[in-house]
Engineer: 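Dropping the structure in here first, questions after.
From a predicted model like this one, the values you see are computed outputs, not experimental measurements.
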Amino acid sequence: MYKVAIAGAGAMGGRIGVALKQAGYNVTLIDNWKEHVYNINTYGLEVETEEAVTSVNIPAILAKDVTMKFDVIIVLTKAMESESMLEKLQEAGCIGNDTRIVSMMNGLGHEERLSKIVPLSKIYLAVTMWTAGLKGPGQLLLEGTGSIDIQRADRKKDLFTEDILKMFNDAGLNAKASDDVFKSIWSKATVNSVLNPLCTILDKNIFEFGNYEKSREMIIPIIDEIITVAAAKDIDLNRKELLEKIEATYSKATQGLHYPSMHQDYSNGRLTEIDYLNGQIVSYGESLGLTTPANKIITHLIHQLETKIR
């Protein structure tokens with residue numbers, strides 16, 4: 001059985017780690033938040049769902065203290081921390097010749113950054129539509145359902161893809177192999193580039209945002225710019241499909257009661273991943289000679305909010 005590390009044991013890292021642990025896998029949570037790691041090791045990871053509050057015993061360790069080698073490292077840090085986390089793990093001998101890296105982070109361009117550290121052939125890109133929240137150090141809030149798409153970053157097929165699918169599906173995470181994970185990544189990035197910043201700016205959960213009768217008018221300009229940039233990079237996105245995907249999250253029965261991760265970060269005094277979402281669209285657009293005014297103003301608005309944190 002694979003020895004699995006969750007590098008970045010925040011909300012989503014906690015959700016994936018708990019699911020794998022409860023399915024019987026050997027899982028270690030790795031994070032830089034001392035109080036979070038301490039509480040998990042001392043009291044167990046508190047997991048609150050719609051049905052109950054339970055405690056899950058799962059080992060956690062600070063990134064600076066890790067020395068063991070892993071077969072699989074699932075990267076779920078914030079986007080801006082991924083390279084430094086992987087470099088720490090490499091220096092500590094945690095990454096062997098057969099170690100595979102699974103990137104499940106929000107945002108765009110992760111394969112470009114992580115392949116500076118490990119070969120592209122050892123990187124797997126996973127896109128998840130699960131949600132999760134942190135109520136505090138060692139306290140996880142889980143709502144709604146989701147799925148995972150996965151593909152090797154160089155688009156080649158191998159046996160490990162089947163192994164990771166089995167592992168995720170043993171844990172009930174609804175995983176499937178993708179023939180075009182980059183389209184999935186861009187589709188999710190579009191969802192996040194709409195819901196994350198707008199819910200943060202407006203201080204609303206997803207249901208509250210979607211309940212506004214003219215929310216579609218607000219999001220179409222953002223979506224259309226992303227579609228244009230994606231097309232210039234040979235990625236085919238469909239406006240109707242994207243609108244349906246976004247609006248499907250508004251229901252309280254799915255993700256409506258959830259506050260997106262950017263809202264959680266800002267509310268807890270942390271910098272956001274805006275530069276890897278709307279900001280990355282602006283950057284790609286500039287390199288391609290395309291204007292992206294809606295995404296640019298969204299990026300500026302979030303950075304304005306972040307001036308209270310910096």
Engineer: If a pair satisfies salt bridge (charged side-chain N to carboxylate O under 4.0 Å, His left out) and one of its residues is in residues 18-32, list it, with sequence neighbours excluded.
Structural biologist: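 Of all non-adjacent pairs touching residues 18-32, none passes salt bridge (charged side-chain N to carboxylate O under 4.0 Å, His left out).
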Engineer: So, Asn39 versus Thr42: side-chain donor-acceptor pair below 3.5 Å or not?
Structural biologist: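 Distance-only check fails for Asn39 and Thr42.
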Engineer: Whether Glu286 and Lys296 form a salt bridge (side-chain N of Lys/Arg under 4.0 Å from carboxylate O of Asp/Glu) is what I want to check.
Structural biologist: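 Here Lys296 pairs with Glu286 in a salt bridge, since their nearest N and O are under 4.0 Å apart.
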Engineer: Quick one: name the residues clustered hydrophobically with Leu257, using the 4.5 Å side-chain heavy-atom rule over I, L, V, M, F, W, Y, and just say none if it's on its own.
Structural biologist: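 Result for Leu257 is none, singleton.
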Engineer: Any salt bridge between Asp149 and Lys188, counting N to O under 4.0 Å?
Structural biologist: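 Result for this pair is no, no salt bridge flagged.
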Engineer: Looking at Asn106, is its backbone amide N or carbonyl O close enough to the side chain of His110 to form a donor-acceptor pair, meaning the two atoms are under 3.5 Å apart?
Structural biologist: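 Indeed, once roles are kept as given, a pair shorter than 3.5 Å links the two residues.
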Engineer: Using only heavy-atom distances, determine whether the side chains of His263 and Asn205 contain a donor-acceptor pair under 3.5 Å.
Structural biologist: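 Result is no, nothing qualifies.
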Engineer: Are the side chains of Leu20 and Met167 in contact, using a 4.5 Å heavy-atom criterion?
Structural biologist: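 Yes. Closest side-chain heavy atoms under 4.5 Å.
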Engineer: Within a reach of under 6.0 Å around NZ of Lys183, are more than 12 heavy atoms found that belong to other residues, nucleotides or ligands?
Structural biologist: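 Yes, NZ of Lys183 has more than 12 neighbouring heavy atoms, counting only those of other groups under 6.0 Å.
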Engineer: Could you tell me whether a side-chain N or O of Arg100 sits under 3.5 Å from a main-chain N or O of Ile123, the two making a donor and an acceptor?
Structural biologist: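 Absent.
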Engineer: Compare all side-chain heavy atoms of Asn41 with those of Ile61 and state whether any distance is below 4.5 angstrom.
Structural biologist: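 Side chain of Asn41 against side chain of Ile61, heavy atoms only: no contact under 4.5 Å found.
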Engineer: With a 4.5 Å cut-off on side-chain heavy atoms, are Ile6 and Ile16 touching?
Structural biologist: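 They are in contact (side-chain heavy atoms under 4.5 Å apart), so the answer is yes.
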Engineer: Do you know the tightest heavy-atom contact between Leu45 and Gln139?
Structural biologist: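 Closest approach of Leu45 to Gln139, heavy atoms only: CD1-N, 4.3 Å.
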Engineer: Short question: side chain of Gln90, backbone of Ile117 - any donor-acceptor pair under 3.5 Å?
Structural biologist: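 Such a contact is found between Gln90 side chain and Ile117 backbone.
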Engineer: Between Thr49 (side chain) and Ala52 (backbone), is there a donor-acceptor pair under 3.5 Å?
Structural biologist: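 A pair under 3.5 Å: yes.
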Engineer: Under the rule for side-chain contact (heavy atoms from CB on, under 4.5 Å), what residues qualify as partners of Val191, not counting sequence neighbours?
Structural biologist: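 Testing Val191 for side-chain contact (heavy atoms from CB on, under 4.5 Å), a comparison that skips the adjacent residues, returns Leu195, Lys245, Ile246.
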Engineer: Identify which one of Thr161, Asp158, Asp154 satisfies the side chain to side chain donor-acceptor pair (under 3.5 Å) criterion when paired with Tyr124.
Structural biologist: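 Passing option: Asp158.
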Engineer: Among pairs that include at least one residue of residues 222-241, which meet salt bridge (charged side-chain N to carboxylate O under 4.0 Å, His left out), considering only residues two or more places apart or in two chains?
Structural biologist: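 Qualifying pairs, neighbours excluded: Asp224-Arg239, Lys240-Glu244.
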Engineer: Listing request: all salt bridge (charged side-chain N to carboxylate O under 4.0 Å, His left out) pairs with a residue in residues 129-146, at least two apart in sequence or in separate chains.
Structural biologist: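 Residue pairs with at least one partner in residues 129-146: Glu48-Lys135.
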Engineer: Side chains of Asp163 and Tyr2 only: does a donor on one sit below 3.5 Å from an acceptor on the other?
Structural biologist: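 A donor-acceptor contact under 3.5 Å links the two side chains.
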Engineer: Only pairs at least two apart or in different chains count here, so list each ring-ring contact (aromatic ring centres under 6.0 Å, His included) that has a residue in residues 208-249.
Structural biologist: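 Output for this query is empty, none listed.
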Engineer: Using a cut-off of 6.0 Å, state whether more than 12 heavy atoms not belonging to Lys204 lie near its atom NZ.
Structural biologist: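 More than 12 heavy atoms, drawn from other residues, nucleotides or ligands, come within 6.0 Å of this atom.
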Engineer: Going by atom types alone, do Gln255 and His258 pair a side-chain donor with an acceptor below 3.5 Å?
Structural biologist: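 The criterion, which ignores hydrogens and geometry beyond distance, is not satisfied for His258 and Gln255.
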Engineer: Evaluate whether atom CG of Asp98 has more than 12 neighbouring non-hydrogen atoms of other residues, nucleotides or ligands under 6.0 angstrom away.
Structural biologist: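 Open: at most 12 neighbouring heavy atoms sit under 6.0 Å from CG of Asp98.
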